[in-house]
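Below: one structure, written as structure tokens.
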Amino acid sequence: MLSHVTNYLFDAFRSPDTVLLKQRPVGEVADLLNEAIPGLDINQLEEPGFEVITRIDLGVLPVVRRREPVGAEEWNTNMDPEGRMRNISHLKQTIFKGGLCHVLRKEGWKFLLGYFPWESTLEERRSLTRRKTDEYFRMKLQWKSVSEEQEKHNSMFRDHRSLIEKDVNRTDRTNTFYEGQDNPGLILLHDVLMTYCMYDFDLGYVQGMSDLLSPILYVMEDEVDAFWCFVSFMDQMHQNFEEQMQGMKTQLTQLSTLLRLLDLSFWNYLVAQDSGHLYFCFRWLLIRFKRELSFPDVLRLWEVMWTGLPCQNFHLLVCCAILDSEKHQIMEEQYGFNEILKVCVLTFCLYVCSLASVSVGEWGEGEEESGDSTTDTLMSGPLCLLVVFNPSLLKVSI
């Protein structure tokens, strides 16, 4: 039986959908944790179910550098003559370190989101696109052919349409792709969301989903590709929008768990100020920082997170990084509940915009990077969590 502490660590980093096929022996888990987090010393006691964990001081955090975004030439070198992607693990790491150049996103995002299988050939992808195009327009025709009389007797359909129309009219209207009246981008945004209601009758449309679709549609510039990429993204985000919002509850719990592990004194302070539930992080998690970041930063942060590196819950580490950057001000000024809420909302962009636009370059210690690189010096406070999987950079207080 694993101890509470070991489960505490693994549960926080594990994706909610992860299924453990086999429980690892306690000794093996301790070895894995020691290997994964240098400086973490786990002493197993004779009494089962308990461990003593200590942590050494890792010193000053080093400068973290990022590489250039992956370009078309580098992307094509990782593709075989039939169009299959090669060196997928390495490619994901390079995307994590530098993102994708914008002209490549239209193709790259389809792979990152799972619309295109990494092992598929070019011909297989063309065939898939034809099938998915037919399927999309069949579903679109379903809601387009609903008569006014039918709509009168379908309150759910009316409610979804009404909410979509309201949200579309206020989604990213300062972006040139959506600005102005009768903008074609707004029509596509509306049509894709309505078609999703036909794809997922149980969920339909919930406020906030337009924020998740908007960047995807902007990149794809095609309603069919945008729809299926959005479907893949919603497969990850679905629980955030379900009526019981179990996904949000789980993430807030995991975030609290991580913060308690990483900085117990700060966590205790938040609890004392009735902020231990971290509800001020709710919107960050719900739509993945979409309304907190500039549009280009959203594109970069999302594609970095879609690599699945260094873990499926990387967005929780980003949240912890922002809180870490603000903790000294919060604690020294003795902020209460209202002040904490304000400082976390108003100063978010000062830190996250820098972090979102700069992928972590030190992930995978000892690996060589190809191509020219750009060096950016980031604030060591927020970065201490973003570089968690160069474990020597992670500062933990237990």
Side-chain angles (χ1 to χ4, degrees), residues 7-20 109 112-115 156 159-160 163-164 167 171 192-193 196-216 226-262 267 270 275-293 298 301-323 341 344-345 348 352 356 385-386 388:
N7 281 323
Y8 186 78
L9 284 165
F10 276 158
D11 288 344
F13 285 95
R14 192 160 46 211
S15 170
D17 298 329
T18 300
V19 178
L20 292 180
W109 281 21
L112 289 172
L113 283 166
Y115 174 34
M156 183 177 294
D159 292 344
H160 287 327
L163 188 54
I164 287 172
D167 281 1
T171 299
V192 171
L193 291 171
Y196 186 82
C197 292
M198 297 295 102
Y199 173 82
D200 190 338
F201 286 98
D202 291 335
L203 183 62
Y205 178 79
V206 180
Q207 190 173 20
M209 288 167 57
S210 62
D211 283 294
L212 298 184
L213 172 60
S214 172
I216 295 175
F227 175 81
W228 291 112
C229 287
F230 177 64
V231 165
S232 297
F233 194 19
M234 282 301 300
D235 287 344
Q236 303 174 28
M237 305 292 289
H238 200 280
Q239 284 191 323
N240 283 13
F241 297 94
E242 293 172 1
E243 186 174 359
Q244 300 300 320
M245 304 198 79
Q246 187 56 50
M248 292 303 302
K249 296 175 183 177
T250 299
Q251 289 174 89
L252 287 169
T253 299
Q254 291 174 327
L255 181 56
S256 180
T257 296
L258 284 177
L259 188 60
R260 183 180 180 184
L261 170 68
L262 296 168
W267 183 85
L270 292 176
S275 298
H277 42 63
L278 304 179
Y279 289 157
F280 50 83
C281 300
F282 186 91
R283 194 172 71 178
W284 306 359
L285 300 172
L286 180 68
I287 52 177
R288 290 296 190 270
F289 313 103
K290 167 60 172 56
R291 296 187 188 178
E292 278 66 38
L293 302 180
V298 170
L301 179 60
W302 282 9
E303 66 195 8
V304 166
M305 291 194 298
W306 289 338
T307 65
L309 301 175
C311 58
Q312 291 299 320
N313 282 333
F314 182 60
H315 62 286
L316 299 183
L317 300 176
V318 176
C319 291
C320 285
I322 305 308
L323 295 174
L341 179 61
C344 288
V345 172
F348 185 101
V352 178
L385 299 177
L386 284 182
V388 62

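It should be emphasised that the depicted structure is a prediction, and the values quoted were computed from it without experimental measurement. Throughout, residue positions are numbered sequentially from 1 according to the sequence presented.
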No-hydrogen, no-angle side-chain donor-acceptor test under 3.5 Å, T171 and S214 | no

Answer whether the closest heavy-atom distance between the side chains of [X] and [Y] falls below 4.5 Å.
{"X": "R288", "Y": "N240", "answer": "yes"}
{"X": "V192", "Y": "I216", "answer": "no"}
{"X": "L212", "Y": "W302", "answer": "yes"}
{"X": "L213", "Y": "F227", "answer": "no"}
{"X": "D167", "Y": "D211", "answer": "no"}

Which residues pass the ring pair (Phe, Tyr, Trp, His ring centres under 6.0 Å) test with Y196, sequence neighbours left out?
-> Y199, F230

Just jot down the ring pair (Phe, Tyr, Trp, His ring centres under 6.0 Å) partners of H277, sequence neighbours excluded, or say none.
->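 Ring pair (Phe, Tyr, Trp, His ring centres under 6.0 Å) list for H277, sorted by chain: Y279.
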
Quick one: does K290's side chain have a donor or acceptor within less than 3.5 Å of a partner on G208's backbone?
->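 No, the answer is negative, given that no donor and acceptor are paired below the 3.5 Å cut-off.
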
Spell out, as yes or no, whether a donor-acceptor pair under 3.5 Å connects the side chain of T257 to the backbone of T253.
->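 Yes; at least one donor-acceptor contact below 3.5 Å.
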
Could you please spell out the steps behind the side-chain contact (heavy atoms from CB on, under 4.5 Å) verdict for N313 and Q254?
-> CA-CA 9 Å; N313 282 333; Q254 291 174 327; 3.5 Å; yes

For W228, the side chain to side chain donor-acceptor pair (under 3.5 Å) test, sequence neighbours excluded, returns none

